[in-house]
Amino acid sequence: MIDLKALQNNFEAVSQKLKKKKIDAALLELLKEESLQLKEKRNLLEQLQADQNAKSKLFPIYKKEGKDIAELKSQLDQNKEKITAQQEVVRLLEEKLSEIALGVPNIPDDSVPEGSDEEDNIELKKVLDTPVFDFAPKEHWDLDSNQEWIDFERGVKLTKSRFSVLKNDAARLERALVNFMLDFNRSRGFDEVSVPFIANQDSLKGTGQLPKFEDDLFKIEGENLYLIPTAEVPVTNLFRDEILTADELPIKLTSYTACFRKEAGSAGRDTRGMIRQHQFGKVELVALAKPEESDQVFDDMLSCASDLLTALGLPHRLVMLCGGDLGFGAAKTVDIEVWLPGQNRYREISSVSNTRDFQARRAMIRYKDGKKNRLVHTLNGSSLAIGRTLIAVMENYQKRDGTIAIPEVLKKYMQ
RNA sequence: CGGGAGAUGGCAGAGCGGUUGAAUGCACUGGUCUUGAAAACCAGCGAGGGUCAUACCUCCGGGAGUUCGAAUCUCCCUCUCCCGGCCA
């Protein structure tokens, strides 16, 4: 959630920055008006309550002194009606306000470029040269046309489209990738956690998936529980409603989970192959940091993910997302795109974001800064999506005879 | 899924329907003492909103109710623990 106080006090600046995200200015205006309204109504309510409290305290005194309490009681009764009415006013306003506020995306950093979509993203750098083949490299599904590695048909049989089954060396490779990544991340100072793949509404709300993006989630019937779309949800929410001490920050964690996404808005996109599945494995990086150190932590996470690809020998590039392409909760995001020779293009394989205090405000994650409690900054990034990494290995390490080499660093994990 | 107990501040643990936002202990922070530390003693120590700062308001799992007044009484929900069944 954005900082409503900042919106009230610096309306122009905030709404100017939010323009990058193509937000309706009228909505912001409304938000500001409503929040000021609420402040006023709430002040009135509090006055009434203060009055009521003060008079209530007279009650036992009057009784002790044997005074008549009928007059006092009638005053209290009247005042009570006013309070009840005013409470309703405040409650409605609060409801309306939070409905609007929860739908407003995060404020982009100044460093985020203007732009409306992918086309306007800015390439920061390329790492490793793209491989040169003396034959025409295939896409992963053609490489494995008889489904020795990835069995799409049976995945569909078991569940439905966009589910698949890994077999033989692919299954082992997946496991090797997970282990390699977790070990790598640990060596970079990220502590490993293993968390539930199901989260409740409060958690999804804390990281911003709810209420706005319910359509993207698999919900468990009759339970108010959801399959997680990313480990970011459970791992960040580990600290929901907590006040951390300054010296335990930054907290840097890594976790492997399955991720479940409905891909509601992507009908018809990437229907072939394993690029876009309803379920995929991902090793995630999550960090909580003091505001002044979060940029440093962001860079650490980004280089951690990039170095991982380098270690795997996979060419990739770093792309700074423009305002229009930025996710709902992110103030700044850099995507990492891996080279897929079969597709002859870069495809997203990782995404590192700094949400600043946007999630922390929703999830109430704070730390003690001397006497005061301040919101932390939360950051998240895919270490790498496992499925896409698997594809990248297949396509980049393919040989003329259709076999696939194993990256050097994975060999010890494949024995 | 069936039977019993419970939910209070970082933890432990009191709390008659009326200055109780909440005793006490531990932990923590500052100070005195000490060469230093420990011990001892003194002081402070929940959160959110609000204010320049005070006042002031709200919060004792969540919601509804009784009452002039509820942490304290009633109802519902959720969760936790113990017993039984089922089962990785």
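We name chains A, B, ... by the order of the sequence lines, and we start the count at 1 in each one.
Using N1 to N3 plus N6-O4 or O6-N4 for Watson-Crick, or N1-O2 and O6-N3 for G-U wobble, each under 3.5 Å, rA5(B) pairs with rU80(B). Across all strands shown, rA22(B) has no partner, as no Watson-Crick or G-U wobble contact with both distances under 3.5 Å is found. Base pairing of rA40(B) is made with rU32(B), judged by Watson-Crick or G-U wobble geometry with both donor-acceptor distances under 3.5 Å. Nucleotide rA47(B) is matched to rU58(B) when pairs are restricted to Watson-Crick or G-U wobble geometry with both distances under 3.5 angstrom.
Comparing N43(A) and A50(A), the nucleotide of RNA chain B nearest to each residue sits closer to the 5' end for N43(A). Both K39(A) and K368(A) lie close to RNA chain B; mapped to their nearest nucleotides by heavy-atom distance, the more 5′-ward contact belongs to K368(A).
Side chain of R366(A), nearest nucleotide from rG48(B), rC68(B), rC57(B): rG48(B). Picking from rG48(B), rU58(B), rG49(B) the nucleotide with the shortest atom distance to the side chain of M364(A) gives rG48(B). Distance from the side chain of E46(A) is smallest for rG49(B) among the nucleotides rG49(B), rU51(B), rG48(B). Looking at the side chain of S56(A), the nearest of the listed nucleotides rG50(B), rU58(B), rG69(B) is rG69(B). For F59(A), whose side chain is taken as the heavy atoms from C-beta onward, the closest listed nucleotide among rC68(B), rU58(B), rU51(B) is rC68(B). The side chain of K73(A) sits closest to rC68(B) out of rG48(B), rC57(B), rC68(B).
One atom, CZ of R42(A), and another, P of rG50(B), lie 8 Å apart when rounded to the nearest Å. At whole-Å resolution of the value, CG in L72(A) and P in rG18(B) are 17 Å apart. Here the P atom of nucleotide rU29(B) and the CG atom of D369(A) are 16 Å apart, to the nearest Å. In this structure, I365(A) atom CD1 and rG48(B) atom P are separated by 14 Å, rounded to whole Å. Atom CD in Q47(A) sits roughly 13 Å away from atom P in rU51(B) (whole-Å rounding). Summarising the geometry, the separation between CG on N200(A) and P on rC79(B) is reported as 10 Å, rounded to the nearest angstrom. When rounded to the nearest whole Å, the span between NZ of K41(A) and C1' of rC57(B) equals 18 Å. Spacing between atom NZ of K57(A) and atom C1' of rG69(B) amounts to 11 Å, rounded to whole angstrom units.
Taking F11(A) as the reference, nothing meets the ring pair (Phe, Tyr, Trp, His ring centres under 6.0 Å) condition, with sequence neighbours excluded.
The distance from atom CD of E223(A) to atom CD of E221(A), rounded to the nearest 0.5 Å, is 10.0 Å. Note that OG1 of T389(A) and CG of L384(A) are 4.0 Å apart. Values are rounded to the nearest 0.5 Å.
In summary, E284(A) and K282(A) engage in a salt bridge, as defined by a charged side-chain N under 4.0 Å from a carboxylate O. Look at E263(A) and R162(A) and you find no salt bridge, because none of the NZ, NE, NH1 or NH2 atoms lies under 4.0 Å from a carboxylate O. The existence of a salt bridge linking D183(A) and R186(A) is confirmed by a sub-4.0 Å separation between a basic side-chain nitrogen and an acidic carboxylate oxygen. Ion pairing between E99(A) and K96(A) fails under the 4.0 Å rule for side-chain N and carboxylate O.
Taking atom C1' in both rU66(B) and rU74(B), one finds a spacing of 7 Å when rounded to whole Å. Rounded to whole Å, the P atom of rG63(B) lies 28 Å from the corresponding atom of rC45(B). Comparing the P positions of rU20(B) and rA71(B) gives an interatomic distance of 13 Å, to the nearest angstrom. For the P atoms, the distance linking rC57(B) with rG9(B) amounts to 22 Å, nearest Å. To the nearest whole angstrom, the two P atoms, one in rC26(B) and one in rC75(B), are 39 Å apart. With P as the reference atom, rA23(B) and rA14(B) are 14 Å apart, rounded to whole Å. Using C1' as the reference atom, rA12(B) and rG6(B) are 16 Å apart when rounded to the nearest Å. A distance of about 25 Å separates the C1' atoms of rG44(B) and rG36(B), rounded to the whole Å.
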Start with the C-alpha gap between K80(A) and D77(A), add the side-chain angles, then the distance that decides, and say whether salt bridge (Lys or Arg N to Asp or Glu O under 4.0 Å) holds. CA-CA 5 Å; K80(A) 191 186 175 185; D77(A) 280 337; 5.9 Å; no
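Within 4.0 Å of K55(A), counting heavy atoms only, lies no atom of the nucleic acid at all. At a threshold of 4.0 angstrom between heavy atoms, the contacts of I243(A) are confined to the sugar-phosphate backbone, with no base atom among them.
Applying the 4.0 Å criterion to OP1 and OP2 of rU78(B), one finds that N224(A) has every side-chain N and O outside that range. Distances shorter than 4.0 Å separate none of the side-chain N or O atoms of N53(A) from OP1 or OP2 on rG69(B).
Under the 6.0 Å cut-off for aromatic ring centres, F298(A) and H377(A) do not qualify, their centroids lying 6.0 Å or more apart.
Put simply, the side chain of D144(A) gets close to the backbone of W149(A): a donor and an acceptor are under 3.5 Å apart.
Listed by residue number, L76(A), D77(A), K80(A) are the residues of residues 76-97 of chain A with a heavy-atom contact under 4.0 Å to RNA chain B.
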